[in-house]
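Accompanying notes for the structure given below.
Per chain, numbering begins at 1; letters A, B, ... match sequence-line order. If you're wondering where the values come from, they're calculated on a predicted model, not measured in any experiment.
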There are 2 protein chains.
Amino acid sequence: MESPTDLLFRALADPTRRALFERLCLEGEQTVGRLTAGAGISQPAVSKHLGVLRQAGLVLDRHEGRQTHYSAQQRALAPLVDWTGRMNRFWEARFDDLEDLLKRMDQ
Amino acid sequence: MESPTDLLFRALADPTRRALFERLCLEGEQTVGRLTAGAGISQPAVSKHLGVLRQAGLVLDRHEGRQTHYSAQQRALAPLVDWTGRMNRFWEARFDDLEDLLKRMDQ
DNA sequence: ATTTCTCATAACCATCTGGTTATAAATATG
DNA sequence: CATATTTATAACCAGATGGTTATGAGAAAT
């Protein structure tokens, strides 16, 4: 009963998880071992976080031999962008109204 | 030791809290009582959520007599927009690279 | 075949979270 | 003044969360 958007926001709520996702975005695909190295937490903790990110659609996993490579799925951020857009539209609308008002006052 | 961005993401992680913020964005300033009416939870719960939103900078409160009016502070979403932008830049860059590649192949 | 390496899962635990009811504080009203 | 209304806070509780260690499963290496 949890919407994809809920999953997204919740997945990104944790700073450690966000840091993992950021690394995958900026540095590209990486193995669990490599991610664990720079994470400051245990390997199982990293695996759990990656599981949450995967369930939220934020990362993809690719198995190769005995290691798993994770990569960012940036499209998954779309709902977040849409949402912020919807929340800002009204701000923009009000801003436009204000601009209109100022223009009319100017004439 | 919690960064403003951390506060933001955490505040928006809860669907009830997000719903409150959405209402304030779309319907404008409202009292606690009015927000409580449509929230499906108790008034103290709503007050606590509003407290979290306020600490994250997402809402402002205005006291008038015995009631408190809350309003959305949409600018507070800026860090979130910036963050998604940074995460997507690389996707765009790669996309551009791909476009370039395709163009070069086309010639 | 045995051992080693890499990752995921299980079991567990302390803390955080989101809700509740009860109550206090401040303002309006009779 | 006494009472009612509105919001915030306190105290509490069940369940979620993020971490740990131990272990299992599969692939590679010796």
Inset, instruction - Would you indicate whether the side-chain heavy atoms of B:L50 and B:T68 approach each other to under 4.5 Å? - result: no

For nucleotides 7-9 of chain D, give me every protein contact, N/O to N/O, under 3.5 Å, one pair per line with atom names.
| residue | atom | partner | partner atom | Å |
| --- | --- | --- | --- | --- |
| D:dT7 | OP1 | B:V32 | N | 3.4 |
| D:dT7 | OP2 | B:G33 | N | 2.8 |
| D:dT7 | O3' | B:T68 | OG1 | 3.0 |
| D:dA8 | OP1 | B:Y70 | OH | 2.9 |
| D:dA8 | OP2 | B:S47 | OG | 2.7 |
| D:dA8 | N7 | B:Q43 | NE2 | 2.8 |
| D:dA8 | N6 | B:Q43 | OE1 | 3.3 |

Legend entry - Considering all heavy atoms, the nearest B:Q73-B:F21 contact: N-CE1, 4.4 Å

Legend entry - Which atom of B:S42 lies closest to which atom of B:T36, heavy atoms considered: C-CG2, 4.2 Å

Whole-Å gap separating [atom2] ([N]) and [atom1] ([X]):
{"X": "B:F9", "N": "D:dG18", "atom1": "CZ", "atom2": "C1'", "answer": "19 Å"}
{"X": "A:Q55", "N": "D:dG18", "atom1": "CD", "atom2": "P", "answer": "13 Å"}
{"X": "A:I41", "N": "D:dT21", "atom1": "CD1", "atom2": "P", "answer": "12 Å"}
{"X": "A:L7", "N": "D:dA16", "atom1": "CG", "atom2": "P", "answer": "15 Å"}
{"X": "A:L20", "N": "C:dC7", "atom1": "CG", "atom2": "P", "answer": "13 Å"}
{"X": "A:L53", "N": "C:dC7", "atom1": "CG", "atom2": "P", "answer": "16 Å"}

Legend entry - Side-chain N,O (B:S42) to OP1/OP2 (C:dA22) below 4.0 Å: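 B:S42 to C:dA22 OP1/OP2: no side-chain N or O under 4.0 Å.
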
Legend entry - A:R23 side chain to A:L35 backbone, donor-acceptor under 3.5 Å: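 Yes; judged by distance alone, with no hydrogens or angles, the pair exists.
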
Inset, instruction - May I ask you to decide if B:L12's main-chain N or O and B:R18's side chain share a donor-acceptor pair within less than 3.5 Å? - result: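 Confirmed, B:R18 side chain pairs with B:L12 backbone.
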
Inset, instruction - Could you tell me whether A:T36 contacts a base, only the sugar-phosphate backbone, or nothing, with contacts defined as non-hydrogen atoms closer than 4.0 Å? - result: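 Answer is nothing: A:T36 stays at 4.0 Å or more from every strand.
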
Legend entry - Plane angle bin for A:W83 and A:F9 - parallel if under 30°, tilted between 30 and 60°, otherwise perpendicular: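 Because their plane-to-plane angle is over 60°, the rings of A:F9 and A:W83 count as perpendicular.
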
